[in-house]
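What you see is a predicted model, and the numbers here were worked out from it, not measured in a lab. Along the sequence shown, residues are numbered consecutively beginning with 1.
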Amino acid sequence: MGKLRKGRRARNIGVLFESFADAERPVFCLDRPFDVAPKDGVRFDVAGLAGLVADLSGALFEAGLRRGDRLGIVKSNHFDVVLLAAAAARIGALPAMISSTNRPEVLRAILQRLDPRVLVADSAVLGEAVRAGVELAGPDVVKVAVDGADEEGAAGLPSLQDLRGSRVPPAQPCGDDEPMICTHTSGTTGVPKLVVHSPNTLLGVLTKLETMPLPGLSIRPDDVVATCIAFVHGRSITWSYAQLVRPPAKVVVIADSAPATVVETLREHRPTTLEACPNIFQRWEGLTGTHPELFERVRAFISTFDAIHPRTVRAFLEASKRRGAVWGQSWGQSEVGPVSLAVYTRRKIRRGEGKATAVTTNVGRPVPLVTRVRVVDPQTRRPVRRGRSGLVMVKTKGRCLDYLGETDRHQAKIWDGWWNTGDIGVRGRDGAVRILDREVDVIPGTSGIQLESILLERLEEASEVIVLGVPGRPPVPVLSVE
């Protein structure tokens, strides 16, 4: 198992890469060049990433970004969104990583809360906003196009490539308890909320699970770590920290989840650990049959964000040729980070086949020394007995500082010092947590998540199932097939 590097744990993303710039590993291998550095190739050592962060901080400074300002980042999915955020945090500005998949009117609402001094966006994003008749930001906001594409809305704007090579300002990162970065929630209940974290909450507390010595899951010095996640999520920051503090031999960044891209990338870089969002694993499930060799070296599969279904877990574990292959599922939220961790083996998944309760709804026990969990009655706020369902509450020192521009909404989710996750769950006698549904998606008398798992088990041709609750009527399943 790799040993943790001592005495070098920078807590601010702005100086994280340069604090490890002399490290010999890992080597970062990309499925395509960074959008912010299209001519710089697809292989970077840590020094190369540190140099790119410094260069981008110079570009942002040249664009007018200063300490205390805010930066909006809206671009296609790639690890370079983290590097842009790091470049802004290096200056002491507050960056917000925002998904380009949001509709223009949603982006406008998010950016109004952010009130940025500078906005960096893909030309395609700027063009789509113009065609939709949406002004993403006011005239006082400096707009910079990530690329130099001749796109409506981006014409006449400076591009990052125009600004690169500018003088690099000195590092002036914020204090450990000050706002360092904004990420946003999924937006399933409306316009995504901007979640504000400090160096202490995000890298001081929420990275503890990443660096714990976990049997079967911890990074090893000879590992090839591959990941395909939404890099605008706070998870990408804690993940970056783990790759530097407990370095593998190689890190494989998969920005494009299209199966054809994944096949090409993993053929060249056979992973020993593989992380993706649950919906991406579902998208790849067919590859376990057509290209099982891509996964035969994987000893640890990791999923975060949403619930994973047993059928998907089974398909990948069976594709691995590693005797002790495991699947780790971390359950948590942007606001409080990872709350619990469950580990599934082939045996556990096989034993759960055909049962009415999906084994993967058991999301494990709370992270020791990091999080506490209790389940309460939604009306009285009093704890319910073990085995009874209720609202899942979390207490952690890694809780976010605020919702930017929505402080009242943030405060409303704090109940007597505990964070209301909005999830309905059950705490078992063994302390493990089982998630039933989001509070807003509750189907009386059953669990939508479990129904989806059962249907996926029984309908082999289905690639995705969503069960929707309808007041006064039976639930409605929506199926997607290949």
Side-chain angles (χ1 to χ4, degrees), residues 177 182-186 188-189 192-198 200-212 214 233-235 237-238 278 303-308 328-343 360-403 406-442 447 449:
D177 291 313
C182 291
T183 61
H184 65 71
T185 59
S186 62
T188 53
T189 56
K193 301 176 284 290
L194 282 173
V195 180
V196 184
H197 273 288
S198 70
N200 273 341
T201 60
L202 195 58
L203 294 182
V205 176
L206 301 186
T207 54
K208 293 187 184 299
L209 179 61
E210 306 279 349
T211 53
M212 284 181 179
L214 301 171
H233 196 278
R235 165 72 184 142
I237 305 297
T238 58
S303 64
T304 53
F305 304 99
D306 301 317
I308 192 76
Q329 178 183 202
S330 174
W331 171 73
Q333 292 186 340
S334 302
E335 294 92 334
V336 292
V339 174
S340 64
L341 175 69
V343 179
T360 53
T361 59
N362 184 328
V363 295
R365 295 179 179 84
V367 180
L369 306 178
V370 179
T371 56
R372 294 165 58 195
V373 170
R374 71 179 182 183
V375 179
V376 305
D377 182 284
Q379 304 303 321
T380 66
R381 301 190 180 186
R382 293 178 179 175
V384 299
R385 288 186 297 176
R386 295 285 177 100
R388 295 281 186 90
S389 66
L391 271 174
V392 181
M393 311 293 290
V394 172
K395 181 172 284 191
T396 172
K397 291 182 179 179
R399 191 182 72 205
C400 67
L401 302 182
D402 200 0
Y403 288 148
E406 297 182 289
T407 297
D408 290 346
R409 195 173 183 182
H410 177 263
Q411 290 299 312
K413 295 196 70 172
I414 302 172
W415 291 10
D416 303 321
W418 291 76
W419 180 260
N420 178 1
T421 66
D423 283 328
I424 299 295
V426 175
R427 190 85 186 270
R429 292 182 179 178
D430 60 354
V433 179
R434 185 160 59 92
I435 298 299
L436 302 179
D437 273 313
R438 291 288 293 166
E439 185 182 17
V440 295
D441 297 326
V442 165
S447 162
I449 295 174

Does any part of the side chain of [Y], heavy atoms only, come nearer than 4.5 Å to the side chain of [X], both counted from C-beta?
{"X": "Asp430", "Y": "Arg365", "result": "yes"}
{"X": "Val336", "Y": "Thr371", "result": "no"}
{"X": "Val433", "Y": "Val339", "result": "no"}
{"X": "Met212", "Y": "Val367", "result": "yes"}
{"X": "Val394", "Y": "Glu335", "result": "no"}
{"X": "Cys182", "Y": "Val196", "result": "yes"}

For [X] versus [Y], what's the shortest heavy-atom pair and its separation?
{"X": "Ala342", "Y": "Gly364", "result": "CB-N, 3.6 Å"}
{"X": "Val363", "Y": "Ser340", "result": "O-OG, 2.8 Å"}
{"X": "Arg388", "Y": "Arg385", "result": "NH2-NH2, 2.5 Å"}
{"X": "Leu202", "Y": "Gly234", "result": "CD1-O, 4.4 Å"}
{"X": "Pro192", "Y": "His184", "result": "CB-ND1, 3.8 Å"}
{"X": "Arg374", "Y": "Pro383", "result": "NH1-CG, 4.1 Å"}

cation_pi(Arg399, Trp419) dist<6.0 Å, angle<=45: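 No, cation not above the ring by the 6.0 Å, 45° rule.
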Donor-acceptor pair between Asp402 and Thr407 side chains, under 3.5 angstrom: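 The criterion, which ignores hydrogens and geometry beyond distance, is satisfied for Thr407 and Asp402.
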Under 3.5 Å side-chain donor-acceptor pair for Ser334 and His233: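 On atom types as modelled, these side chains qualify, holding a pair under 3.5 Å.
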So, does [X] use its side chain to make a donor-acceptor pair with the main chain of [Y] at under 3.5 Å?
{"X": "Arg427", "Y": "Val373", "answer": "yes"}
{"X": "Glu439", "Y": "Leu391", "answer": "no"}
{"X": "Thr396", "Y": "Val370", "answer": "yes"}
{"X": "Arg386", "Y": "Gly428", "answer": "yes"}
{"X": "Arg372", "Y": "Trp418", "answer": "no"}

Rounded to the nearest 0.5 Å, how far does [atom2] of [Y] lie from [atom1] of [X]?
{"X": "Gln329", "Y": "Thr360", "atom1": "CD", "atom2": "OG1", "result": "6.0 Å"}
{"X": "Glu406", "Y": "Leu194", "atom1": "CD", "atom2": "CG", "result": "8.0 Å"}
{"X": "Asp423", "Y": "Ile449", "atom1": "CG", "atom2": "CD1", "result": "7.5 Å"}
{"X": "Ile414", "Y": "Lys395", "atom1": "CD1", "atom2": "NZ", "result": "11.0 Å"}
{"X": "Thr201", "Y": "Lys397", "atom1": "OG1", "atom2": "NZ", "result": "13.0 Å"}
{"X": "Ile237", "Y": "Thr207", "atom1": "CD1", "atom2": "OG1", "result": "11.5 Å"}

side-chain contact (heavy atoms from CB on, under 4.5 Å), paired with Val392, selected from Val376, Ile435, Val426, Leu436: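 Exactly one candidate clears the test, Ile435.
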